[in-house]
Amino acid sequence: MRKICFTLGIAVLFSLFFIPQVSHAEDGQTYKVNGTTVNVRTAASTDSDVIGKLHEGDEIDIFQESHGWLQTYYNDQEAWVASQFMTPADSDSQSNITASSKETITAPSSKVRIRTGPGTEYSIIGQTTEGETYPLLKTTNDWYKVTLEDGQTGWIASWLTDDPEQENTQGKTETEDNGQQTEQVEPDTKNNKPQEEQADTEAPANGTLEGYTVVLDPGHGGKDPGSSAQDGTYEKDYTLSVANKVAAKLQNAGANVIETRTDDTFVSLQNRVNISGTNNANAFISLHFNAYPESTINGFSTHYYAAEDSRLAQDVQSALSRNMVLSSRGITKSDYHVLRENSEPAILIELGFITNTNDLANIQTDYYQNAVADGVTEGLINYFQN
């Protein structure tokens with residue numbers, strides 16, 4: 001009898017420590033996709049097969065939660081979606097005020113971040129301009145849902161608006177902890193107003209790029225798709241899209257810009273190097289996106305080969321860090337063909353991991369791609385001035 005009791009005790013302890021914790025939602029509780037395309041998978045893991053996709057505004061019934069995943073049914077089979085992109089459909093009625101009690105809000109500061117949802121975990125889709133007024137749709141916790149100029153909707157931190165009820169709100173600061181975004185309380189010493197949702201307002205470097213030739217190299221293309229993203233898109237498409245925005249920004253600053261490709265065509269590595277040398281580039285910048293089997297790996301980095309190009313890499317990486325929302329992985333000496341064989345100052349930028357959910361969600365936005373353009377331009381100005 002004593003042996004049986006001992007065995008049962010061990011079994012109970014094992015169940016407490018080793019059985020995964022699963023919480024059950026109310027039967028058929030409805031959730032809504034919030035601000036992004038979401039993969040539907042066969043299991044609660046990014047390594048499982050994708051069997052479908054949900055889009056912004058889609059609603060599904062959820063039956064249980066497990067470690068950041070929500071279980072539903074898709075085409076009559078059990079399926080899972082990442083909880084970070086879903087919100088309860090009835091949350092609109094929780095912690096909300098109607099527009100009738102406060103019909104508009106004003107952003108008294110410039111560069112307040114506009115997000116796809118009510119929290120710092122949601123993607124940034126833009127920023128405010130000083131004094132701009134927005135129609136208020138609702139309030140969820142400390143966030144305002146507003147209508148933007150183009151008719152779309154976005155969310156703004158309430159403590160960075162003109163709402164007098166927010167005067168005593170404690171500060172929140174987005175920080176980086178091993179590449180993962182976290183929040184910490186950090187009161188502003190001047191007026192105890194939060195700072196985390198206000199984008200870096202440091203003035204861009206003075207000066208222009210007049211007289212400088214910059215060769216932009218959108219990685220991959222044509223028969224070479226590059227890495228594949230979580231949603232099946234390809235690296236080659238993102239590099240070209242970003243290169244076009246960077247080119248426009250550099251040209252506005254006065255630079256003579258040459259792109260190694262302007263459409264979906266294949267260009268060999270040596271031909272990319274030849275374009276740099278033929279045009280006597282003052283700077284060659286190759287644009288890429290990273291990929292890794294472990295989907296938690298994230299962030300952007302800048303690579304160089306020749307020691308004398310390390311300052312160019314550092315100036316651009318630093319400027320990107322001031323403009324971009326992803327975590328910085330620093331600069332690295334790397335033996336890439338387009339760097340090693342290049343006789344001109346040359347760097348290669350890995351602009352984020354398209355195998356990481358958060359990185360990819362940002363990479364796909366115009367806001368992020370324009371931030372890359374701002375960072376590259378600012379970095380080059382600093383480099384040439386110094």
Side-chain angles (χ1 to χ4, degrees), residues 35-50 53 66-69 80-86 115-116 119-124 174-184 218-220 224-239 241-242 285-305 313-314 316-336 338-339 347-365 367-369 371-372 375-376:
T36 188
T37 300
V38 179
N39 288 328
V40 182
R41 296 184 178 272
T42 56
S45 168
T46 55
D47 295 328
S48 61
D49 293 335
V50 176
K53 294 183 184 297
S66 177
H67 301 292
W69 292 84
W80 295 81
V81 295
S83 63
Q84 68 189 93
F85 300 118
M86 310 294 296
R115 295 182 179 268
T116 58
T120 57
E121 69 272 21
Y122 291 92
S123 300
I124 298 171
E174 277 187 80
T175 62
E176 297 294 334
D177 181 13
N178 295 326
Q180 302 297 316
Q181 289 188 338
T182 59
E183 291 188 17
Q184 66 181 20
H220 308 284
D224 174 17
S227 298
S228 178
Q230 286 186 335
D231 60 0
T233 53
Y234 294 114
E235 179 184 1
K236 68 176 183 178
D237 299 319
Y238 296 121
T239 58
S241 176
V242 171
I285 301 177
S286 190
L287 302 173
H288 287 258
F289 290 91
N290 230 325
Y292 197 73
E294 174 52 61
S295 62
T296 60
I297 304 300
N298 64 89
F300 65 95
S301 56
T302 302
H303 302 254
Y304 67 95
Y305 178 76
Q314 186 60 67
V316 171
Q317 180 74 10
S318 296
L320 287 171
S321 298
R322 290 191 291 270
N323 285 273
M324 291 163 58
V325 296
L326 302 189
S327 59
S328 171
R329 299 174 67 87
I331 67 171
T332 305
K333 180 175 180 179
S334 301
D335 190 19
Y336 294 125
V338 294
L339 303 182
I347 59 174
L348 183 149
I349 312 172
E350 297 279 7
L351 290 164
F353 282 77
I354 58 176
T355 47
N356 176 271
T357 302
N358 181 66
D359 279 17
L360 182 60
N362 280 284
I363 289 165
Q364 292 173 330
T365 66
Y367 177 85
Y368 179 82
Q369 295 183 21
V372 171
V376 171

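What you see is a predicted model, and the numbers here were worked out from it, not measured in a lab.
The two atoms that bring Ala313 and Tyr304 nearest to each other are CB-CD2, 4.0 Å, heavy atoms only. Across every non-hydrogen atom of Gly219 and Thr239, the tightest pair is O-OG1, 2.8 Å. The two residues Leu339 and Ser334 have their closest heavy-atom pair at CD1-O, 4.1 Å. The two residues Thr42 and Ser48 have their closest heavy-atom pair at OG1-CB, 3.5 Å. Closest approach of Ile354 and Ser228 over heavy atoms only: CD1-C, 3.9 Å. The two residues Gln317 and Ser301 make their nearest non-hydrogen contact at OE1-C, 3.5 Å.
If you take OG1 on Thr302 and CD1 on Ile349, they are separated by 5.0 Å, rounding to the nearest 0.5 Å. Atoms OG1 and CG, on Thr296 and Asp359 in that order, are 10.5 Å from each other to the nearest 0.5 Å. Going from atom CD1 of Ile363 over to atom CZ of Phe300 covers 11.5 Å, rounded to the nearest 0.5 Å.
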| request: Let me see the working for Asn362 and Leu326 under side chain to side chain contact (heavy atoms under 4.5 Å, CB included), right down to the final yes or no. | output: CA-CA 8 Å; Asn362 280 284; Leu326 302 189; 3.8 Å; yes

| task | With side chain to side chain contact (heavy atoms under 4.5 Å, CB included) as the test, would you mind laying out the steps for Thr355 and Ser227 before giving the verdict? | result | CA-CA 9 Å; Thr355 47; Ser227 298; over 6 Å; no

| query | Do Asp224 and Lys236 pass the side chain to side chain contact (heavy atoms under 4.5 Å, CB included) test, and can you show the C-alpha distance, the side-chain angles, and the key distance before you say yes or no? | reply | CA-CA 8 Å; Asp224 174 17; Lys236 68 176 183 178; over 6 Å; no

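Counting only heavy atoms from C-beta outward, the side chains of Leu320 and Val376 approach each other to under 4.5 Å. A 4.5 Å side-chain heavy-atom check between Leu287 and Leu351 finds at least one atom pair inside the cut-off. Using a 4.5 Å cut-off on side-chain heavy atoms (C-beta onward), Leu348 and Glu350 make contact.
In this view, Asp335 and Arg340 satisfy the salt bridge (Lys or Arg N to Asp or Glu O under 4.0 Å) rule, not counting sequence neighbours. The ring pair (Phe, Tyr, Trp, His ring centres under 6.0 Å) search around Tyr305 returns none, not counting sequence neighbours.
Across Val40, Asp231, Val38, a single residue satisfies side chain to side chain contact (heavy atoms under 4.5 Å, CB included) together with Lys53, and that is Asp231.
Glu235 contributes a side-chain N or O that, together with a main-chain N or O of Phe289, makes up a donor-acceptor pair within less than 3.5 Å. Proximity of a side-chain donor or acceptor of Asn356 to a complementary backbone N or O of Gly352 within less than 3.5 Å is not detected. Within the 3.5 Å criterion, the main-chain N or O of Phe353 finds no donor-acceptor partner in the side chain of Asn298.
At a cut-off of 3.5 Å, with distance as the only test, no side-chain donor of Ser295 or Gln230 sits close to an acceptor on the other residue.
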